[in-house]
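Just so it is clear, the values below take in all heavy atoms, side chains as well, and ignore hydrogens, waters and symmetry mates. Worth saying up front: this structure is predicted, and the values here are computed from it rather than measured.
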Amino acid sequence: MSDDTTTDAEVPQGSADEQLAALDLSEEERLVLARVADIVRRINYGTVVLVIQDGKVVQVEMAEKFRLR
């Protein structure tokens, strides 16, 4: 069973810019976040799934749902 808990020490505090700066992200990680943000902005209802292997995002899946009525 995996442990999905996060402590306050692992989560940077402050504004979004301060939090991102504290994470010291690589260029690849920034590109993944930008891609995910773009997807989140485009869909109204649905899911976004990140597939991770060896600590790296290798796939982003998007499923958009819409109502017919």
Look up atom CG in Asp38 and atom CZ in Arg42, then write down how far apart they are to the nearest 0.5 Å.
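One gets 4.5 Å once the value is rounded to the nearest 0.5 Å.
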Spatial distance of atom CG (Leu20) from atom CZ (Arg30) [nearest 0.5 Å]:
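Here the rounded value is 9.5 Å.
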Check whether more than 12 heavy atoms from other residues, nucleotides or ligands sit under 6.0 Å from atom CZ of Arg41, and answer yes or no.
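Counting other residues, nucleotides and ligands, CZ of Arg41 stays at 12 neighbours or fewer.
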Within a reach of under 6.0 Å around CZ of Arg35, are more than 12 heavy atoms found that belong to other residues, nucleotides or ligands?
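Result for CZ/Arg35: open.
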Just jot down the side-chain contact (heavy atoms from CB on, under 4.5 Å) partners of Leu31, sequence neighbours excluded, or say none.
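Here the qualifying residues are Glu27.
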Student check: side-chain heavy atoms of Glu29 and Leu33 closer than 4.5 Å
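Sidechains of Leu33 and Glu29: no contact.
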Would you say Val32 ends up clustered with Ile52 if hydrophobic residues are merged whenever their side chains have heavy atoms under 4.5 Å apart, either directly or through other cluster members?
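Linked, Ile52 and Val32 end up in one cluster.
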Exercise answer: donor-acceptor pairs, residues 57-64 side-chain atoms, under 3.5 Å, sequence neighbours excluded:
unit_1 : atom_1 : unit_2 : atom_2 : d
Gln59  : NE2    : Glu61  : OE2    : 2.7

